[in-house]
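Let me begin by presenting the structure, written as structure tokens, before commenting on it.
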Amino acid sequence: WCRLVSLGVASAWFYLDSQLPDAEALRDVRLQIPLRIYSAEGDMISEYGEKRREPLTREEIPDAMVKAILAVEDSNFYTHPGVDYKGLLRAVVSLIKTGRKKQGGSTITMQLARNFFLSPEKSYKRKVLEILLALRVERELEKDEILTLYLNKVYLGHRSYGITSAAHTYYNKELDELSLAEIAMIAGLPKAPSSNNPLTNPERALKRRNHVLKRMHTLEHISDAVYEAETAKPITASRHTPEIELGAAYIGEMVRAEMVERFGDAAYTGGFHVHTTVKNRLQRAANKALRSALDAYDMRHGYRGPEAQIAGWQDANERARQLGRLLAVGKLLPVIVVDIPSEREIVVEHADGSRRTIGWQGLQWASPYVSVNRRGKEPKRAADVASPGDLVRIAYAENEKDDKGELRSYWRLAQIPKAQGALVSLNPHTGAVIALAGGYAFFHSKFNRVTQASRQPGSGFKGFIYSAALAAGYQPSSIINDAPVVIEDETLEEGVWKPSNANRKFTGPTALRQGLAFSKNLISIRLLRSISIDFALDHVTRFGFEKEKLPRGLALALGSAEVTPMMMARGYSVFANGGYLVNPYQIVRIEQEGVGTIYRAKPLRACEVCPTDEQAPRTVSVENRYLIYSMMKDVINMGTGKDAKVLGRKDLAGKTGTTNDYKDAWFNGYNESLVAVAWVGLDNSLSLGRREFGGRAALPAWIDYMRVALDGVAETEPLQPEGIVHNGADFEDVTVEADFQSGAP
């Protein structure tokens, strides 16, 4: 019988041992560290990944933390072989006496083995496997290696894995900045990270922390005085999330998608740090500029009323509950109207119970919205605008002009804009994305209009058509007749298309330069018909557009293609950089925890003298680019973009764009240093309303952004190529209605 029992035990041992992984693999197991994305200056943009972990070496772990963990989890760690047989025996005896498992008897080595390799199921077989694996781990790894892996791996609640992450989450401190009481609090978490958590159960957490301190005192790690002082301290933990230092969530999402494409799900756990091309100052300027333009559009069209009327608003708890469900949208804060103390002011309450008075300057704009083309009567008193119990938004208007033209800062009634927009800016010489706002606020709408919204560019596309005309032999001084035209089109009811200019007026024989500056539709159509659609399509591909995705009709001259703001920015970069086609990109380098730099971008550059493998392809001649630059400067000097003259620069060029029924408003502009494209529209492609031209709805965002982006940037203009001469012609500063893709099918 003894032999049979021995044989059975040995067989079971070998069977179970064969199911165990190699403990040496522990050294190769990468700790699950989230994906972190940074700006060019190193400010955090985004973090992705469920497990927040920041691994340390053994030398970096404070001695007090080691003593606290060992005191409460495994005081014999450095002497046992991986299994505490006495502890296991106590657990078995307790199970026999009570029928319940009260003491686990798991050592740190057993916990490590379980967390790395075994399932969370509670069974006797798993416990045996845990013991066997712990013994193997102890044979193949040093004690300090085991302890370091454990302290970096252990789950400590609220997405925190490892002691460094816990220190950041609960105290926003580095490990060496923690007090002993705070160290003890973290050391008390491994046993029950949810029920002993200082954020969710502070009373139990306090008892557990003091138990850790008592164990340290019993083991003579701390003195009587230290023990008494530390146990007397209150709970100081509060939740700290990783600080997002730069609002560039649309870029963060673009990078996340690219990282998943490169690395699959490992992107979220592989400890990747991605450094992007985005510049802090310019990104903040883009966010502010786009939001200001969308707010201004929204205020022009009237106030749509409160988001809700809160039942039971008189109850402070109900107000706090309702507001606690809402987040700020951009800079728009949710509040509840609680009083109208006079005819010219209202009082609102924030989620924290604080109150604020909104004066008449912040209310008088709120004529009621009737339709996209009509507003109601101007309000005469505060009660015309709001009622107690209204859930509304407010915003801080900083340095805005009042009725007397004086700059003032004040709080105003606001609303989440109905229109959306996009603003993207590139370094035209490399394609680096230096600022990108894909909408009013990412967490309100994650749809990235810079890369995902395919919209008609309207007259913003004319620059590419005019470039094709120059390539076909036309000159800026060439004359084209700006007169009505009738074009046969069997797809239309009447069988003909009768395009017109925006102001329904015609100027007769007109130079190309003036036709582009004043966005003459009839000139663009005649120009395209003259050079042929096939020739134009071939030329337009030189700006990065795909020929098969462009329409073949004459409406192409008026921007009937569907493109994204990013595509337009890439196309205009050719005009800005001297004629080279660059590729937009947003990742500069990728670093991996414990490995170093694993990727570094090598973008093709717009350069005349550089190694061939670094040079972007030249797709447009230097002469063509120079002439278009000169013509597009006139768009700003005298044409549809002349509001940009407020920037006081002579090196700016660009083109407005407006589509049928005012569905899209664009401004595409540049100098030799950077390109920026702004778009405003409704996601459902309905009309923005009458007279919402590119120069009115989108150009203000471009101006506000460029005012910041070009601050300190020297003016530079392209050198005039040999063989090009000026004919000395100047044009009058004619009042411009707008550019408009009128009646295009």
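When reading the values below, keep in mind they use all heavy atoms of this one structure, side chains included, and skip hydrogens, waters and symmetry mates.
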- Query: side-chain hydrogen bond (donor to acceptor under 3.5 Å, both in side chains) between R319 and Q322: does it pass, once the steps are laid out?
  - Reply: CA-CA 5 Å; R319 294 196 299 270; Q322 292 288 346; over 6 Å; no

Can you confirm whether more than 12 heavy atoms, excluding those of D352, are under 6.0 Å from its CG atom? yes

Closest heavy-atom pair, N280 versus S39, reported as atoms and distance to 0.1 Å, is OD1-OG, 2.7 Å

Minimum side-chain heavy-atom gap L426-I434 below 4.5 Å: no

* Can you check side-chain contact (heavy atoms from CB on, under 4.5 Å) on R256 and S46, steps first, answer last? -> CA-CA 9 Å; R256 181 206 65 79; S46 301; over 6 Å; no

E220 and R215 ion-paired at < 4.0 Å = no

(Q) Checking the side chain of T430 only, and the main-chain atoms of R605 only, is there a donor and an acceptor separated by less than 3.5 Å? (A) no

dist I251:CD1 -> T277:OG1 (nearest 0.5 Å) comes out at 5.5 Å

task = Report yes or no: does Q592 contribute a side-chain atom to a donor-acceptor pair with the main-chain N or O of G270 at less than 3.5 Å?
result = yes

One should read off an interatomic distance between L391 CG and L326 CG, to the nearest 0.5 angstrom, of 5.5 Å

Checklist entry - Would one find more than 12 heavy atoms of other residues, nucleotides or ligands at under 6.0 Å from atom NZ of K214? => result no

- [ ] Check the pair S195 / N201 against side-chain hydrogen bond (donor to acceptor under 3.5 Å, both in side chains), numbers first and verdict last.
- [x] CA-CA 6 Å; S195 59; N201 199 334; over 6 Å; no

_Assess whether a salt bridge exists between R284 and D43, defined as any Lys/Arg side-chain N lying under 4.0 Å from an Asp/Glu carboxylate O._
yes

**Message:** Quick one about Y705 and S425 (side-chain donor to acceptor, distance below 3.5 Å, no hydrogens or angles considered), yes or no?
**Reply:** yes

Polar side chain donor-acceptor pair, R209 to N196, under 3.5 angstrom: no

Heavy atoms of V83 and A134 approach each other most closely as CG2-CB, 4.4 Å

- Heavy-atom count around F443 CZ within 6.0 Å, excluding the residue itself: above 12? no

Quiz item: Would you call K446 and E253 a salt bridge, taking side-chain N to carboxylate O under 4.0 Å as the test?
Solution: no

Q.
Does the Lys NZ or Arg CZ of R262 fall within the cation-pi geometry relative to Y599 - under 6.0 Å from the ring centre and within 45° of the axis?
A. yes

Less than 4.5 Å apart, any side-chain heavy atom of W411 and any of L333?
-> yes

Exercise. With no hydrogens and no angle check, is any side-chain donor or acceptor of R600 less than 3.5 Å from a backbone partner on V588?
Worked result: no

Heavy-atom closest pair (V582 atom, L604 atom, distance to 0.1 Å) is CG1-O, 4.0 Å

Problem set entry | More than 12 heavy atoms of other groups within 6.0 Å of K173 NZ | yes

Are the side chains of R393 and V335 in contact, using a 4.5 Å heavy-atom criterion?
no

d(I37 CD1, I45 CD1) to nearest 0.5 Å is 7.0 Å

CG (N152) and OG (S165) are apart, to the nearest 0.5 Å, by 10.5 Å

Exercise for the section: State, yes or no, whether a side-chain contact exists between E258 and V274 at a heavy-atom distance under 4.5 Å. Expected result: no

* Do Q452 and R449 get their side chains close enough for a donor-acceptor pair, meaning under 3.5 Å? -> no

- prompt: Do V212 and M185 have side chains that get closer than 4.5 Å, going by heavy atoms?
  reply: no

Check your understanding: Does a salt bridge link R291 with D295, judged by any charged N lying under 4.0 Å from a carboxylate O?
Key -> no

* Asked: With a 3.5 Å cut-off and no angle check, do the side chains of E398 and S409 form a donor-acceptor pair?
  -> no

G157 and P193 have their tightest heavy-atom pair at N-CB, 3.7 Å

Residues T107 and D74: closest non-hydrogen pair is CB-OD2, 3.2 Å

Next on the checklist: Side chains of Y48 and R36: any donor to acceptor distance under 3.5 Å?
Outcome noted: no

| query | Would you say S354's side chain and H350's backbone share a donor-acceptor pair under 3.5 angstrom? | reply | no

* Asked: Does R589 pair with E591 as a salt bridge, N-O distance under 4.0 Å?
  -> yes

- So do I69 and L151 actually touch side chain to side chain, heavy atoms under 4.5 Å? yes

Checklist entry - Any donor-acceptor pair under 3.5 Å linking the side chain of T200 with the backbone of S194? => result yes

Per side chain to side chain contact (heavy atoms under 4.5 Å, CB included), M216 is matched among I222, L70, V72, I183 by I222

ask   = Donor-acceptor pair, H80 side chain versus G82 backbone, under 3.5 Å?
value = yes

Subject >> Expected output: side-chain E245 to main-chain M44 donor-acceptor under 3.5 Å >> reply: yes

Report task. Answer yes if the side chains of T57 and E60 hold a donor-acceptor pair under 3.5 Å, and no otherwise. Result -> yes

Self-check item: Polar side-chain atom of Y155 near backbone of H158 as donor-acceptor pair, under 3.5 Å
Solution: yes

Salt bridge (Lys or Arg N to Asp or Glu O under 4.0 Å) assessment of R356 paired with E349 | CA-CA 6 Å; R356 188 181 306 281; E349 183 173 286; over 6 Å; no

To the nearest 0.5 Å, atom CG of N287 lies from atom OH of Y250 at 9.5 Å

Separation between CG (N448) and CZ (F442), nearest 0.5 Å, reads 8.5 Å

Min side-chain heavy-atom separation E593-H273 under 4.5 Å: yes

Pair H240-Y170, ring pair (Phe, Tyr, Trp, His ring centres under 6.0 Å): steps then yes or no:
CA-CA 6 Å; H240 298 274; Y170 298 115; 9.2 Å; no

Query raised in the report: Can you tell me if T269 uses its side chain to pair, donor with acceptor, with the backbone of I33 under 3.5 Å?
Result: no

Margin query: When you measure from the side chain of E230 to the backbone of Y227, do you find a donor-acceptor pair of N or O atoms at a distance under 3.5 Å?
Written below: no

### Task
Check whether any side-chain heavy atom of M566 sits under 4.5 Å from a side-chain heavy atom of L436, and report yes or no.
yes

**Q.** From CA spacing to verdict: side-chain contact (heavy atoms from CB on, under 4.5 Å), E145, R58
**A.** CA-CA 8 Å; E145 286 184 278; R58 175 62 182 89; over 6 Å; no

Test: E182 and K233 ion pair at under 4.0 Å: no

**Report entry** Residue pair D704 / S292, side-chain donor-acceptor N/O under 3.5 Å
**Finding:** no

List the steps, then state whether side-chain contact (heavy atoms from CB on, under 4.5 Å) holds for F77 with L147.
CA-CA 9 Å; F77 172 72; L147 181 61; 3.9 Å; yes

For P417 and Y440, the nearest pair of non-hydrogen atoms, with its separation, is CG-CE1, 3.5 Å

Item checked: Pi-cation contact, Y150 with K153 (under 6.0 Å, within 45°) -> no

